[in-house]
Amino acid sequence: MRTKIKEILNRQDTDYQVNVKGWVRSFRNNQFIALNDGSCMANIQVVIELGTDEHVVRKITNGASISVDGTVIASQGKGQRVEIKAAQITILGECDTDKFPLQLKNRPSLEYLREIAHLRFRTNTFGAVFRVRHTLAYAIHKFFNDRGFVYLHTPIVTASDAEGAGEMFRVTTLPFDNPPRKEDGSINFEEDFFARSTNLTVSGQLEAELGAMAFSEVYTFGPTFRAENSNTARHLAEFWMIEPEVAFNDITDNMDLAEEFIRYIIGYAVEHNREDLEFLTQRLADEEKQKPMNERSEMGLMEKLEFVLNNKFERITYTEAIDILLNSPAYKKKKFQYEVKWGIDLQSEHERYLVEKHFKKPVIVIDYPKDIKAFYMRMNDDDKTVAAMDILAPGIGEIVGGSQREERLEKLEKRMAEMHVPAEELSWYLDTRRFGTVPHAGFGLGFERLVLFVTGMTNIRDVIPFPRTPGKADF
RNA sequence: UCCUCCUUAGCUCAGUUGGUUAGAGCACAUGACUGUUAAUCAUGGGGUCUCAGGUUCAAGUCCUGAAGGGGGAGCCA
């Protein structure tokens with residue numbers, strides 16, 4: 001019966017028999033094995049007896065997997081509370097140290113580790129990142145479940161391309177070299193698997209709205225796909241998104257939900273992954289030391305998370321945001337590259353100024369001009385703005401995008417016509433407005449951006465196990 | 001997609017004005033070592049200087065192009 005290393009390190013007593021299995025992180029002095037099984041950041045020290053079979057000892061190398069039977073005892077040395085006095089060591093899998101790229105004393109770069117993503121889980125950094133990622137995913141389900149939300153599985157293959165959230169990946173079984181064609185020469189998708197053109201989903205929102213019109217509160221949490229040629233540290237072609245949708249909620253309820261949600265899951269991670277987050281805090285601090293003074297962030301990672309937990313998000317309207325920017329020293333000194341005036345979409349530099357310089361905390365911006373937002377967002381009484389909301393986070397930018405949805409059929413149809421959204425393809429969506437429509441609101445949160453924020457990592461490719469980006473789909 | 005920077009040993013990096021046989025730390029191998037903590041000590045092996053052209057008596061170093069990567073921007077989550 002195997003015991004997890006985390007369990008042994010958490011127990012207060014000693015002098016009991018255990019079996020542990022894991023991977024060797026280091027082997028010192030022909031005597032001390034640092035063993036890790038991924039259950040926690042810390043290794044356990046295994047002490048081997050004099051006279052252990054030399055054939056076995058020679059195979060205890062960095063990266064090798066072993067099984068150890070022995071006794072947990074109070075450590076005879078400094079540096080750890082307990083250790084395992086080994087009675088029997090079995091080599092499960094040898095590791096050719098000459099070829100194994102991970103060594104404790106090497107400092108491989110994150111970029112290099114990305115090329116060996118199948119092995120990077122065995123490093124402290126990625127062990128911590130993906131344990132935190134797991135905890136966040138669990139906390140998300142727990143948050144919604146505790147509040148009576150139904151987890152709705154929206155389709156991954158979709159015929160809907162009406163939302164316009166981005167370029168889509170086509171799904172087809174038609175032959176590439178000689179697809180069936182119509183008389184006008186266009187490809188005849190009626191002969192395709194689904195008898196129509198289909199794509200990978202860019203968002204589950206429209207389908208989530210259908211569920212909210214019956215269950216009152218639903219959420220989706222699944223993969224989404226965007227075929228944009230985006231090469232940045234904040235974009236992936238395949239990423240996971242959380243999209244709650246709540247009937248009877250207005251934009252203020254929506255903000256309250258989003259804020260409570262973010263605070264809850266961060267708090268859950270801080271509570272359950274403290275060791276990992278403290279390691280990541282130190283890692284980030286070490287990385288920051290490489291930067292010039294003026295580029296360093298004012299807060300450490302743990303400090304930042306505590307700050308978010310203890311401070312309300314700032315809430316402003318788009319119009320107020322524009323005023324702040326127009327009156328900012330940065331604007332007066334012509335520091336902004338892009339023009340600032342009412343009606344523009346806020347650029348990265350504007351969002352960064354508001355979040356990182358002006359408010360120095362997460363900011364919720366609402367009531368955007370209708371022309372820069374999607375057709376389904378609810379028109380405000382001024383007829384110029386819509387009840388949209390974006391949550392902007394320091395270092396990440398937009399982490400949440402949401403809105404109160406337009407529940408009035410005539411207004412929705414009018415907006416769809418203005419924005420050239422094909423109403424006939426979305427008749428199922430419009431049915432919700434025909435049959436017992438209610439005010440409702442929801443938002444989308446990019447899971448990897450949340451993981452970035454919580455782990456203090458800076459590249460989104462380092463917080464998803466196997467990143468898919470333009471030109472890259474390894475593993 | 002655009003701008004910009006980078007590519008030298010398994011990894012992280014030096015490499016001066018274009019000039020002899022391209023270096024260091026770590027890793028790895030061999031040996032020593034039973035209380036180590038990124039263990040330590042000794043010895044040793046390890047290079048198509050990303051690739052393809054070009055300039056030159058001479059190119060890791062200069063020029064052109066390609067590929068890969070980083071940072072920033074756009075699109076967004």
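The analysis underlying the following values was restricted to heavy atoms, covering all of them including side chains, and did not include hydrogens, waters or symmetry mates. Order of the sequence lines sets the chain letters (A, B, ...), proteins ahead of strands, with each chain counted from 1.
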Chemist: I'd like to know if Thr97(A) reaches the base of C28(B) with its side chain, counting only an N/O donor and acceptor under 3.5 Å.
Modeler: no

Chemist: Does Gln45(A) reach a base, just sugar-phosphate, or nothing at all? Heavy atoms under 4.0 Å.
Modeler: base

Chemist: Please examine the side chains of Thr469(A) and His235(A), heavy atoms only from C-beta on, and report whether any two atoms are closer than 4.5 Å.
Modeler: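 A side-chain contact under 4.5 Å is absent here.
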
Chemist: Which part of the nucleic acid does Pro108(A) contact within heavy-atom distance under 4.0 Å: base, sugar-phosphate only, or nothing?
Modeler: sugar-phosphate

Chemist: Which comes earlier along RNA chain B counting from the 5' end, the contact point of Gly401(A) or that of Gln76(A), where each point is its nearest nucleotide?
Modeler: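 The answer here is Gln76(A).
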
Chemist: If you go through the side-chain atoms of Gln80(A), does one of them form a donor-acceptor pair with the base of U36(B) closer than 3.5 Å?
Modeler: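 Check passes, donor-acceptor contact within cut-off.
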
Chemist: Output the residues of residues 117-129 of chain A in contact with RNA chain B, where contact means a heavy atom of the residue under 4.0 Å from an atom of the strand; sort by number or write none.
Modeler: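 Correct list: empty, so none.
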
Chemist: Apply the test side chain to side chain contact (heavy atoms under 4.5 Å, CB included) to residues Arg468(A) and Leu236(A): give CA-CA distance (whole Å), side-chain angles for both, the deciding distance (0.1 Å), then the verdict.
Modeler: CA-CA 6 Å; Arg468(A) 271 81 180 96; Leu236(A) 291 163; 6.0 Å; no

Chemist: Go through the N and O atoms of the side chain of Glu111(A) and the base of G68(B), and report whether any donor-acceptor pair is under 3.5 Å.
Modeler: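 No, the side chain and the base share no sub-3.5 Å donor-acceptor pair.
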
Chemist: Before we go on, tell me: are the rings of Phe359(A) and Phe313(A) under 6.0 Å apart, centre to centre?
Modeler: no

Chemist: Ignoring hydrogens and geometry beyond distance, is the side chain of Asn231(A) in donor-acceptor contact with the base of U1(B) at under 3.5 Å?
Modeler: yes

Chemist: Sort and list the pairs that fulfil salt bridge (Lys or Arg N to Asp or Glu O under 4.0 Å) and have at least one residue in residues 335-353 of chain A, not counting sequence neighbours.
Modeler: Arg352(A)-Glu356(A)

Chemist: The side chain of Arg352(A) lies closest to which of these nucleotides: G70(B), C28(B), A73(B)?
Modeler: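 When the side chain of Arg352(A) is considered, A73(B) is the closest of G70(B), C28(B), A73(B).
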
Chemist: Please list every stem that involves RNA chain B, where a stem is a run of 3 or more consecutive Watson-Crick or G-U wobble pairs with both pairing distances under 3.5 Å.
Modeler: B:1-7 with B:67-73, B:10-13 with B:23-26, B:28-32 with B:40-44, B:50-54 with B:62-66

